[in-house]
Asks: 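Can you keep this structure in mind? I'll have questions shortly.
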2 protein chains.
Amino acid sequence: MVKAFSMSEVSTQERIKAAAAKVFTMKGLEGARMQDIADEANINKAMLHYYFKNKQQLFQVIFEEKATKVFSALDLFVHGELSFHQRISKFVESQISIFSEFPTLPLFVLMEVRKNPALLEATFRNIPLQIKRSEFQSLVENEISVGNIRKVDPQELLLNIIALCVYPIIAEPIFRFLSDMDEIEYRSFINRRKDTITALITNDLFIKK
Amino acid sequence: MVKAFSMSEVSTQERIKAAAAKVFTMKGLEGARMQDIADEANINKAMLHYYFKNKQQLFQVIFEEKATKVFSALDLFVHGELSFHQRISKFVESQISIFSEFPTLPLFVLMEVRKNPALLEATFRNIPLQIKRSEFQSLVENEISVGNIRKVDPQELLLNIIALCVYPIIAEPIFRFLSDMDEIEYRSFINRRKDTITALITNDLFIKK
DNA sequence: CTTTTGCCTAACCATTTGGTTAAATCATCT
DNA sequence: AGATGATTTAACCAAATGGTTAGGCAAAAG
């Protein structure tokens, strides 16, 4: 049969996924209640099990989707014809844009992986995450050998950039509390960081001529 | 009556707190099972309710303790008679030392606050967290006016330092997976960062003479 | 029109889980 | 030793929660 989009315009399955994503990322696997997901999606709880085998499987689907998104910015760094400086600036920019739009993503992925490290294996069995990392590494090593940037540990460079981009997002509630910023102010604070992060990293990296 | 330390050498209440800290920080409030905590402490489940009103209250006690520890390094920055450079280096060092020893702390606090922002108000009602921040701010502003460091947003500086220290700890599982390091290698990787983080920050900050 | 098929709902079920209770121990004081 | 009060245990309970089922309904197929 063909799916009926009659009144909701978006399929029930998609509504479930959207609702599950919202609840799982906010509450975590154990904190999420199937009833909450059903309510959020405005459907009967039984429909969850009609479209997905059980809570675990629904979670796995959402986790894979979100984890992929979390690492998606890395593609931007590795691909395309850009200077190394541009790669960094594009990477920072896209990373901050993605996580500004979905602020719950990084903490969700980080926490679930901490609770259950086996998720990593299961999720990235097929996705070539390590490949991307070694491409990144080659790019960095090439820049070093060419004398464009100083000698650095590529792992550390990657970690530093991601840390500077991601941490402000995951620590938003605490930093807002600490510095009495409202949501608008904090958004703009984070947005300004697109430039300052890039500057901090590149000033440290590029050899002055 | 006086407490009996007969065979365990450490009071039941302390055993419960240690067990609860372990389980809560690993699994989160909802993921933690009272039975798991009891098992971890090798006591009867009813004892949890003998010493603590309920799960919420036990959680609150643990959370307050851990949250306080998370922010404890900030004291080191603000107090004592040190140069600004030394303050930064001491801060980075103590931050990394603390979180290397208790790697689950930051993610735990960050996640629980995200799930329930009211925790912040409840926990830091009495602890002068904002005071510390404004002391930090004054220190930075003074260094700027003296011409020792370039003009920076103190909030951003604090955020950058913490990000660079904390993120490697909370992302350990993912980065270990990504870079195929074992635990020993990763510990040493993080330890080396005590110097590189300080260098990155201070090179950006101090005005070359 | 009738049948089939996919979609959906209300009611229900089994298990897990936080929490309680009554009775048993154990240590201390008299 | 016996009384007293703190500590501990096993058994139990009610509510919450993930999951199931029998049946209803609407639209396409015949």
Side-chain angles (χ1 to χ4, degrees), chain A residues 1-63 108 112 115-116 118-119 122, chain B residues 1-63 108 112 115-116 118-119 122:
Chain A
M1 283 301 105
V2 182
K3 278 177 197 165
F5 286 74
S6 46
M7 31 186 194
S8 48
E9 273 311 306
V10 52
S11 75
T12 302
Q13 183 157 204
E14 284 308 315
R15 293 240 303 285
I16 291 175
K17 282 177 67 177
K22 191 167 176 183
V23 177
F24 277 134
T25 54
M26 274 301 292
K27 308 274 197 93
L29 171 57
E30 295 87 357
R33 297 285 98 100
M34 293 297 266
Q35 189 61 58
D36 294 344
I37 297 174
D39 292 347
E40 179 72 36
N42 267 311
I43 48 138
N44 188 287
K45 184 162 68 88
M47 293 310 288
L48 300 179
H49 298 282
Y50 181 79
Y51 286 103
F52 300 91
K53 186 165 153 275
N54 54 28
K55 192 185 184 184
Q56 270 300 325
Q57 196 232 335
L58 176 54
F59 173 80
Q60 182 70 32
V61 169
I62 301 300
F63 179 84
F108 167 66
E112 296 303 326
K115 286 188 292 196
N116 176 17
L119 271 178
Chain B
M1 281 300 106
V2 183
K3 277 178 195 166
F5 287 75
S6 48
M7 32 186 194
S8 48
E9 274 309 307
V10 52
S11 76
T12 302
Q13 183 158 204
E14 284 308 314
R15 293 240 304 285
I16 292 175
K17 281 176 68 176
K22 191 167 175 183
V23 176
F24 277 134
T25 53
M26 274 300 293
K27 309 273 199 91
L29 171 57
E30 295 87 357
R33 296 285 98 99
M34 293 298 266
Q35 189 60 58
D36 294 344
I37 296 174
D39 291 348
E40 180 72 35
N42 267 312
I43 49 137
N44 188 287
K45 183 162 68 86
M47 294 308 289
L48 301 179
H49 298 282
Y50 181 77
Y51 286 103
F52 300 91
K53 186 163 154 278
N54 54 27
K55 191 184 184 184
Q56 271 300 325
Q57 196 232 335
L58 176 55
F59 173 81
Q60 182 70 32
V61 169
I62 301 300
F63 179 84
F108 167 66
E112 296 302 327
K115 285 189 292 195
N116 177 17
L119 271 177

Asks: Within the modelled atom types, does a donor on one side and an acceptor on the other bring the side chain of B:K55 and the base of C:dG19 under 3.5 Å apart?
Replies: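 Counting by modelled atom types and ignoring angles, no donor-acceptor contact under 3.5 Å is found here.
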Asks: How many whole angstroms separate atom CZ of A:R33 from atom C1' of D:dA16?
Replies: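 After rounding, the reported distance stands at 8 Å.
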Asks: How many whole angstroms separate atom CE of A:M47 from atom C1' of C:dC7?
Replies: 5 Å
Asks: Is there a side-chain polar atom (N or O) of B:Y50 under 4.0 Å from OP1 or OP2 of D:dT9?
Replies: no
Asks: Counting just side-chain N and O atoms, does B:T12 come under 4.0 Å of either OP1 or OP2 of D:dT8?
Replies: yes
Asks: Between P on D:dT9 and OH on B:Y51, what's the gap in Å once rounded to a whole number?
Replies: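 Taking OH of B:Y51 and P of D:dT9, I get 10 Å after rounding.
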Asks: For the residue pair B:Q35 and B:D39, confirm or rule out a side-chain donor-acceptor distance under 3.5 Å.
Replies: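 Yes - a donor-acceptor pair under 3.5 Å links their side chains.
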Asks: For the residue pair A:F59 and A:F24, is the inter-centroid distance of their aromatic rings smaller than 6.0 Å?
Replies: yes
Asks: May I ask you to say what B:A38 touches in the nucleic acid, namely base, sugar-phosphate or nothing, with a heavy-atom cut-off under 4.0 Å?
Replies: nothing
Asks: What is the distance, to the nearest angstrom, from the CG atom on A:N54 to the C1' atom on C:dA14?
Replies: 16 Å
Asks: Nearest whole angstrom, please: distance from the P of C:dT9 to the CG of A:N42.
Replies: 10 Å
Asks: Which distance, rounded to the nearest 0.5 Å, do you find between the CE of A:M47 and the CG of A:N42?
Replies: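 A:M47 atom CE to A:N42 atom CG measures 13.0 Å (nearest 0.5 Å).
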Asks: Could you check whether B:M34 gets within reach of a base, just the sugar-phosphate, or nothing at all, counting any heavy atom under 4.0 Å?
Replies: sugar-phosphate
Asks: Rounded to the nearest 0.5 Å, what's the gap from CD1 on A:I43 to OH on A:Y50? Could you check?
Replies: 12.5 Å
Asks: Write down the distance between CD (A:E30) and P (D:dT17), rounded to a whole number of angstrom.
Replies: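 For the pair A:E30 CD and D:dT17 P, the rounded distance is 13 Å.
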Asks: As an exercise, state the distance from CG of B:L29 to CG of B:L119, rounded to the nearest 0.5 Å.
Replies: 8.5 Å
Asks: B:A46 side chain: which of C:dG18, D:dA10, D:dG18 is closest?
Replies: D:dA10
Asks: Whole angstrom is fine here: how far is it from CD in A:Q35 over to C1' in C:dC13?
Replies: 15 Å
Asks: Round to a whole Å and report the spacing from CG of B:N44 to P of C:dA23.
Replies: 17 Å
Asks: Please tell me which of the listed nucleotides, D:dG19, C:dG18, D:dT7, lies nearest to the side chain of B:H49?
Replies: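 Between D:dG19, C:dG18, D:dT7, the one nearest the side chain of B:H49 would be C:dG18.
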